[in-house]
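Below is one structure, written out as structure tokens, with a few remarks after it.
Both ligands and their constituent atoms are indexed starting at 1 by order of listing. Note that the structure is a prediction, hence the values are computed from the model and not measured.
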Amino acid sequence: MQLSELYRQVIMDHYQNPRNQGQLTDAVSVDLRNPSCGDEITLQMLIEDGVVKDVRFKGSGCSISMASASMMTEAVKGLTVDEALKLGEQFRAMIRGEEVTDDELGDLEALQGVSQFPARVKCATLAWQALDRAAHSQDETHTD
Ligand code: FES
Ligand code: FES
């Protein structure tokens, strides 16, 4: 099986069986819209002692955006907020087509082909943008 076919299957799996879909109570909530297409995502994140305890998303969007959101929630659960933000930086670098050597990327690597389609970059990064907002709005004392 070709690597690209494997990646395609990982993306479709996350799109068809999204992980961590739904809503949380008492969590930070962020609504974000991709201005290019109007697709929207709602991200909710529960943070305890600087750790992402739980994270859920809802939304409607293309397969790339929804698969990316599903992958993101899986990847950041259990990380500290700072680790999650750093992972987001790694992910964006990969999407920009940069060489990334990070074992932590896991399923996220399936989206690396997006770097060849600039119009899809926003689709792939929408959920990560929502994560950034949630992280920065939940903790006023957060220092970068
Ligand atoms: Fe154009 Fe996603 S915004 S393909
Ligand atoms: Fe709208 Fe991809 S086309 S998020």
Side-chain angles (χ1 to χ4, degrees), residues 1-47 50-140 142 144:
M1 195 192 319
Q2 291 212 329
L3 197 55
S4 58
E5 173 58 18
L6 179 70
Y7 284 162
R8 202 187 61 79
Q9 284 180 12
V10 172
I11 293 168
M12 285 317 286
D13 179 49
H14 276 273
Y15 179 55
Q16 285 164 355
N17 311 293
R19 324 294 199 264
N20 302 305
Q21 209 176 31
Q23 255 179 306
L24 294 171
T25 44
D26 299 328
V28 182
S29 188
V30 169
D31 296 305
L32 205 61
R33 188 169 162 271
N34 181 350
S36 350
C37 60
D39 289 336
E40 284 176 321
I41 184 171
T42 299
L43 186 77
Q44 294 185 313
M45 184 155 75
L46 189 66
I47 296 172
V51 173
V52 181
K53 273 274 179 204
D54 206 352
V55 55
R56 301 281 166 90
F57 79 99
K58 274 194 326 186
S60 61
C62 64
S63 53
I64 298 286
S65 68
M66 293 296 108
S68 179
S70 169
M71 290 174 188
M72 183 278 282
T73 58
E74 265 204 328
V76 303
K77 219 190 256 196
L79 299 183
T80 67
V81 173
D82 285 339
E83 285 167 345
L85 294 177
K86 274 197 197 105
L87 186 61
E89 285 308 311
Q90 290 288 84
F91 178 75
R92 286 184 176 88
M94 182 190 81
I95 294 293
R96 285 194 299 268
E98 290 168 25
E99 191 82 33
V100 176
T101 48
D102 193 334
D103 300 341
E104 309 296 306
L105 283 172
D107 274 7
L108 300 171
E109 265 182 32
L111 286 167
Q112 65 180 233
V114 170
S115 63
Q116 285 155 38
F117 304 94
R120 308 306 304 266
V121 165
K122 277 196 190 133
C123 306
T125 55
L126 189 66
W128 290 95
Q129 208 185 328
L131 177 81
D132 283 3
R133 292 229 187 142
H136 288 109
S137 68
Q138 63 85 32
D139 182 5
E140 311 296 358
H142 179 83
D144 288 311

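- Under a 4.0 Å criterion applied to the non-hydrogen atoms of S65, ligand 2 contributes the atoms 4 (S).
- Within the structure, the salt bridge (charged side-chain N to carboxylate O under 4.0 Å, His left out) test picks out no pair touching residues 20-35 (sequence neighbours left out).
- Heavy-atom proximity to C62, at under 4.0 Å, picks out these atoms of ligand 2: 2 (Fe), 3 (S), 4 (S).
- For the pair Q44 and A27, the tightest heavy-atom approach, listed with the atom from each and the gap, is CB-CB, 4.3 Å.
- Nearest N, O or S atom of D39 to atom 1 (Fe) of ligand 2: atom OD2.
- The stretch residues 9-21 participates, sequence neighbours left out, in these salt bridge (charged side-chain N to carboxylate O under 4.0 Å, His left out) pairs: D13-R19, R19-E74.
- Residue contact annotation: C37 places an N/O/S atom under 2.8 Å from atom 1 (Fe) of ligand 2.
- Under a 4.0 angstrom heavy-atom cut-off, N34 registers as being in contact with ligand 2.
- The structure places CD1 of I41 at 8.0 Å from OG of S68, a figure rounded to the nearest 0.5 Å.
- A donor-acceptor pair under 3.5 Å is absent between the side-chain atoms of E40 and the main chain of G59, judged by distance alone.
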